[in-house]
Amino acid sequence: MRKLVIVPLALVVALLPAFFLTQAQAGSKYVVTMNVAKTTINEGQALSFSGKVSPKAAGQKVKIQQQSIVDGDVDWDTMTTATITTNGTYSKKFTPLSGRHKWRVYKSSSPGHAAGTSPAQTLSVFGWFKMANGTTQLEIASGTQYLGRYGSIDVAGTTVSRYFATNQLGGDTTRWYTKHLCKRIRVDVGLWDESAPGSVGQFRIFADSDRIASVRVPYGTSIAIEETFSRSGTGSIKFTGEAREPIVGPTAIVAANPRIQCAGMPTTD
């Protein structure tokens, strides 16, 4: 025989608001849009985010978030917030750090509405990174024995401590990984002051197999090089150096203070 369970009317009345609130949250989700002024900028530049939240939630906040992936786990880190206006729009300008990440805008739930997010968009922020003996440096693919091999040295009368250098016969090479994240390189090239007076070197830079720079370097001079290359098509950068004929004596070619502009530090991870 079935037992009849009687629920007190007061309890039913108390539970109804929570039931209908849960239903409303599940069926009414915030719709969020996101617009960015640019998808590629240089580090130090401000980036403008704007968009709209529907239904309107004037005075409430949206979170501007950057995706992070650690050991395969995806997370969204809140980098800044923006206040929603009376017409449902928001805008925020701030300066992101270098890197290539997905971004989104997130509106948390509120009574009657479930949380909503904008579609994610990939943004690239390019910063300058050191090469050759810097505290922040690109990973070496080959030729590490030619980095800073003499300690601090003089080039055209200037002392440098971060550099690529050939041996005193020339003909050496070092390659760095860029992993298709980098687009510009800068370096000052000269001969070690203990090379033979009158000697001449040849210095070249390759983006993978494409030569993007080639300069003759006479003794006692320093030549500034700045070159742009295709970030999407370049997996590594290579420096080479060699003595030019006639060889009058020891000729060590130095690429001093090399730095490269990348959307984050290229790594093997």
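The chain is numbered in sequence order, starting from 1. Please read all numbers here as calculations on a predicted model, not as lab measurements.
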Identify all side-chain donor-acceptor contacts of residues 214-221 below 3.5 Å with residues at least two apart in sequence or on another chain.
unit_1	atom_1	unit_2	atom_2	d
S214	OG	Q202	NE2	2.9
Y219	OH	D193	O	2.9
T221	OG1	P218	O	2.7

Would you list the atom pairs, donor with acceptor, under 3.5 Å between side chains in residues 69-78 and any protein atom, with sequence neighbours excluded?
unit_1	atom_1	unit_2	atom_2	d
D77	OD2	S68	OG	3.0
T78	OG1	Q65	NE2	3.2

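Linking ILVMFWY side-chain heavy atoms closer than 4.5 Å, directly or via other members, places I253 and V248 in two distinct hydrophobic clusters.
Among residue pairs with one or both ends in residues 175-212, those qualifying as disulfide bond (SG atoms under 2.5 Å apart) are C182-C262; sequence neighbours excluded. Pairs passing the salt bridge (charged side-chain N to carboxylate O under 4.0 Å, His left out) check and including a residue from residues 223-233, sequence neighbours excluded, read R184-E226, R186-E226.
Using a 4.5 Å cut-off between side-chain heavy atoms of Ile, Leu, Val, Met, Phe, Trp and Tyr, V200 forms no hydrophobic cluster with any other residue. Grouping Ile, Leu, Val, Met, Phe, Trp and Tyr by side-chain contacts under 4.5 Å, direct or through others, puts M34 with Y30, V32, V36, I41, L47, F49, V53, V62, I64, M79, I84, Y90, F94, W103, V105, L123, V125.
Under a cut-off of 6.0 angstrom, the local environment of NZ in K52 is sparse, with at most 12 non-hydrogen atoms contributed by other residues, nucleotides or ligands. The 12-atom threshold is not exceeded at NZ of K102, counting heavy atoms of other residues, nucleotides or ligands nearer than 6.0 Å. Other residues, nucleotides and ligands contribute more than 12 heavy atoms inside 6.0 Å of the CZ atom of R204. Atom CD1 of I247 has more than 12 neighbouring heavy atoms from other residues, nucleotides or ligands inside a 6.0 Å radius.
Note that K63 lies outside the cation-pi zone of Y106, set by a 6.0 Å cut-off to the ring centre and a 45° limit from the axis.
Counting only heavy atoms from C-beta outward, the side chains of F129 and M265 approach each other to under 4.5 Å. No side-chain heavy atom of K92 sits under 4.5 Å from any side-chain heavy atom of S50. Side-chain contact between S232 and H180 is absent, with no heavy-atom pair separated by less than 4.5 Å. Looking only at side-chain heavy atoms (C-beta outward), P55 and H113 come within less than 4.5 Å of each other. Taking the side chain as every heavy atom from C-beta outward, S236 and F206 never approach each other to under 4.5 Å.
Here the closest non-hydrogen pair linking A57 and K107 is CB-CE, 4.0 Å.
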